[in-house]
Amino acid sequence: MNGTTGITDGFAGSGGMTGAAFAAGAGDPAAAAFRRASAAMFVVDHEGHVLLANRAFGELVGRTPDEIAGCLWPELFSEPGQAWELHRAATHRAPQQAQRSLTLVGVDGAQPRVIVEPCPLDGGGEEAGPAAGLVVVCHRPMRDEEMLRAVTELRTENSDTALWTLDLSTGELGELFGPSPLGRLLAGDNRTLEECLARVHRDDIARLRDAMEASYQGRDYEQRFRMFDQVGEERWLHARARYLDSGGPRLVGVVDDVTEHVQLVRRLADRRRIEATKGRRVNELAAKLVSATTVDEVAGLLTEQFAPIFDSDAAGIVLVEDGKLTVRPVGGSVSEAVRMIDGRPADDPSLPVGAVLQDRQPRFFESRAELLDRFPDTEELLHRVEGQSWAIVPVFGDSRVALGVWAVSWNQPHHAAPDERALMLTLAGLAGQALQRVSHQQAELELADAVQRRMLPPQLPEFPDLDIAVRYLPSRAGWRVCGDFYDAIELPGDRIGLVVGDVQGHGVEAAAAMGQIRVAFRAYATNQIDPGVVLAETNRLLSETGEIVFATCGYLVLDLNNGEMQAAWAGQPPAIIATSESFEVWAPETGPPVGVDGDSKYPVTSRRLAAGETLLMCSDGLVESSELHMEEGLRQVGVALQNMATDLHAAATSLADLTPAGRGDDIAFVLARKR
């Protein structure tokens, strides 16, 4: 076979004629059909030389069939590499490489796109061995296919999308319609599956391989994974493909770069998480605001804990007191600008705070220029602060009376979004309610404290052989005033009655109930020697009043002549008897608190108080709390009393300072020492 002259020398399909005779179609219908066929075709040998070309192919490239004869046919295309792959695949009868879209190079510069389909000339099966020659048919793509190709190329040209194919029999990767920008960025010169998988994130590689194994079984493919591109940046990709079996098993699909989408989703998730955390924080702080019991506690929440929610740099609350501006909390961490207006008239309209108090409308300033334009008198203030933006929100009480303002500042320009402004107004409203409540509670506290101190004995009786010291310590837990009380009652027969009690509840009601119980004790004690009877009569009186008033108490009668003590207890903590060497916890037999059951009886327990011994009777606030068990509280008090048992008044002062259970409850105690 002579590829340069076009002589076939008996090449199959020519009927034993020369190439010239075959081309002329002399006496051979097949040759005439080949020459006149509308489809562009040519015949090549196994080395790729063109033996014959028909008229339609010559017109396609702008050359005569004789000019084409002898050329290597892959060189007639602008993608010779792909054409040679087709030639080798068809020569070796590989079905998976049946056809490919290639671009012809015409002599007049035309570059028609054609579908190239080479077929073995002898038509033998795979067992026939390599083909001696090929018939290559070139046909134009259908118009719809051309339109689809154009649209697809435009769609993928500048997008984060690539169309890809994977030959499942060879593991070779390719791109439909040529390399796309994304394909070049991801694959570069790599053309095998393993080369590309080497850059997949290690946490995703196993999942990708499992999905690929399923594709070998004829399934479609879809995965989202991370991959490092040619410059080393991590990208999130979403790959989808259909399994095709025509022309050999392969996947044909699309891969999208979804990195920005994943990052957006993450940012949204982070934002929601931050908002959820902020929401929980706001709820927690709002609960603290509702339970706040002092003005400084409310102010501290607004300035120290609420302000960081808005990423502010400083904050302060300014209240109106006697017509002047007062910064709270005193000594708190507030902005210098807020400090500088402390003590100025509240109705000064030249200040933003004064303007907000007058028209009761919040003001937001995003820059210094905006603030100066509206309030030029603040220029001196601004020279001393770092703030660049401000929010000034009124704090209202009942009937929308302005109690003050809440000022928040930022050290950089800040725009308060509508939801941020709404949250500030909500918190300021809660603060106003809290301040109003604290004001009412403070008034009640002062009244209850006055009532309670008024009802306690103003002066204790004096005895030549007995020292007595008493203390009443109000609770430091905000506005709680409870009904703790003590008394020392001078009795006939050189005796003294000592009482310590604790009325349930707090406030004015508890203080008033305490006064009633103390008066009842005095009345019954002066007529009854037996302390158990005194408790029982007091209990019956409380039960008959119909009021729900309970009280724990301990009542003890001390004979000053012989030191004999008779005690009746109604749920009160044990007493302590101490000397300078030791102490003892004395627990008289107890009955229920008075006021619970009108028929209750109270047993009497006796003991002698020797000279030099110190007796302590106390309410539970001294020795018990939610964090301190009573046994431990009694031990600590006993040790302290032992160390100072010889100095009664110093011991009372020491116990008032010690208060092992804290000051969350009122405390009342009586110390007695027989000389």
Side-chain angles (χ1 to χ4, degrees), residues 468-471 484-488 495-504 517 521 525 530-536 538-539 550-559 562-597 600-610 612-645 648 651-652 655 658-661 665-674:
I468 300 176
V470 296
R471 291 290 188 276
D484 289 20
F485 67 96
Y486 63 83
D487 204 353
R495 291 187 297 272
I496 185 173
L498 301 176
V499 183
V500 173
D502 182 1
V503 178
Q504 64 89 24
I517 294 175
F521 257 100
D530 189 334
V533 174
V534 174
L535 273 181
T538 303
N539 174 56
F550 309 135
T552 60
C553 57
Y555 177 52
L556 179 148
V557 176
L558 172 63
D559 189 328
N562 56 21
E564 188 69 25
M565 296 185 296
Q566 291 186 315
W569 244 237
Q572 195 70 0
I576 293 179
I577 299 175
T579 65
S580 57
E581 290 81 21
S582 63
F583 72 89
E584 171 192 350
V585 177
W586 179 42
E589 187 176 353
T590 185
V594 295
V596 175
D597 180 4
S600 296
K601 304 299 181 182
Y602 296 89
V604 176
T605 305
S606 299
R607 189 190 188 285
R608 182 174 177 275
L609 182 68
E613 291 183 331
T614 299
L615 169 71
L616 168 69
M617 299 170 60
C618 66
S619 61
D620 59 357
L622 179 66
V623 294
E624 184 180 39
S625 69
S626 59
E627 299 178 356
L628 181 71
H629 194 274
M630 183 178 291
E631 291 182 359
E632 175 60 20
L634 290 170
R635 186 195 68 78
Q636 293 184 29
V637 169
V639 171
L641 192 59
Q642 174 187 334
N643 294 334
M644 305 190 71
L648 198 67
L655 290 178
L658 175 64
T659 57
D665 195 2
D666 282 16
I667 297 173
F669 63 84
V670 174
L671 287 171
R673 184 173 184 271
K674 195 171 183 305

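Only a predicted model underlies this, so the values are computations on that prediction, with no experimental measurement involved.
Residues passing the side-chain hydrogen bond (donor to acceptor under 3.5 Å, both in side chains) test with Thr579 are Glu581, sequence neighbours excluded. Legend: residues meeting side-chain hydrogen bond (donor to acceptor under 3.5 Å, both in side chains) with Thr605, ordered by chain and number and at least two apart, are absent. Scanning for side-chain contact (heavy atoms from CB on, under 4.5 Å) contacts around Thr552 gives Asp502, Gln572, Pro593, with sequence neighbours left out. Ala652 meets the side-chain contact (heavy atoms from CB on, under 4.5 Å) test with Ala469, Arg471, Phe669, Leu671; sequence neighbours excluded. Remark: Asn539 pairs with no residue by the side-chain hydrogen bond (donor to acceptor under 3.5 Å, both in side chains) rule, at least two apart or across chains. Every residue two or more places apart in sequence or in another chain was checked for a ring pair (Phe, Tyr, Trp, His ring centres under 6.0 Å) with Tyr602, and none qualifies. Listed by chain and number, the residues in a side-chain contact (heavy atoms from CB on, under 4.5 Å) with Val533 are Gln528, Asp530, Glu537 (sequence neighbours excluded). Evaluation of the side-chain contact (heavy atoms from CB on, under 4.5 Å) rule for Ala551 yields Val503, Ile517, Val594 as partners, not counting sequence neighbours.
The nearest pair of heavy atoms linking Gln566 to Pro531 is O-CG, 3.5 Å. What you find for Gly638 and Ile576 is that their closest heavy atoms are N-CD1, 3.8 Å. Annotation for Val623 and Cys618: closest pair CG1-SG, 4.2 Å, computed over non-hydrogen atoms. Contact detail for Cys553 and Leu535: the closest heavy-atom pair is SG-CD2, 3.4 Å. Contact between Val604 and Gly532 at its shortest, heavy atoms only, is CG2-N, 3.7 Å. Shortest non-hydrogen contact noted between Gly621 and Ala661 is O-CB, 3.5 Å.
Counting only residues at least two apart or in different chains, salt bridge (charged side-chain N to carboxylate O under 4.0 Å, His left out) contacts with residues 616-630 are absent. Under the salt bridge (charged side-chain N to carboxylate O under 4.0 Å, His left out) criterion, the residue pairs touching residues 582-595 are Glu584-Arg607, with sequence neighbours excluded.
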Open item on the list: Let's go through Val534 and Tyr555 carefully: what are the C-alpha distance in whole Å and the side-chain angles of both, what is the deciding distance for side-chain contact (heavy atoms from CB on, under 4.5 Å) to 0.1 Å, and is it a yes or a no?
Closed with: CA-CA 8 Å; Val534 174; Tyr555 177 52; 3.8 Å; yes

Task: Test log, rule side-chain contact (heavy atoms from CB on, under 4.5 Å), inputs Phe583 and Thr614 - done: CA-CA 9 Å; Phe583 72 89; Thr614 299; over 6 Å; no

TODO: Before giving the answer on side-chain contact (heavy atoms from CB on, under 4.5 Å), spell out for Leu615 and Leu558 the whole-Å C-alpha distance, their side-chain angles and the decisive distance to 0.1 Å.
DONE: CA-CA 11 Å; Leu615 169 71; Leu558 172 63; 6.0 Å; no

Task: Residue pair Leu655, Leu616: steps toward the side-chain contact (heavy atoms from CB on, under 4.5 Å) verdict - done: CA-CA 10 Å; Leu655 290 178; Leu616 168 69; 4.2 Å; yes

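Note that CD1 of Ile577 is 14.0 Å distant from CD of Gln642, once rounded to the nearest 0.5 Å. One finds the CG atom of Leu556 at 12.5 Å from the CZ atom of Arg495 (value rounded to the nearest 0.5 Å). One distance of note links CZ of Arg673 with CD1 of Ile468; it measures 13.5 Å at 0.5 Å rounding. Here the CZ atom belonging to Phe550 is positioned 10.5 Å from the CG atom belonging to Asp597, to the nearest 0.5 angstrom. For the atom pair CZ (Arg608) and NZ (Lys674), the distance works out to 7.0 Å, reported to the nearest 0.5 Å.
Partner of Ser619 under the side-chain contact (heavy atoms from CB on, under 4.5 Å) criterion, out of Asp484, Val670, Asp666: Asp484 alone.
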Hey, can you pull the donor-acceptor pairs under 3.5 Å for the side chains in residues 628-635, sequence neighbours left out?
from	atom 1	to	atom 2	distance (Å)
His629	ND1	Glu631	N	3.1
Glu632	OE1	Arg635	NE	3.1
Glu632	OE2	Arg635	NE	3.4
Glu632	OE2	Arg635	NH2	2.8
Glu632	OE2	Gln636	NE2	3.0

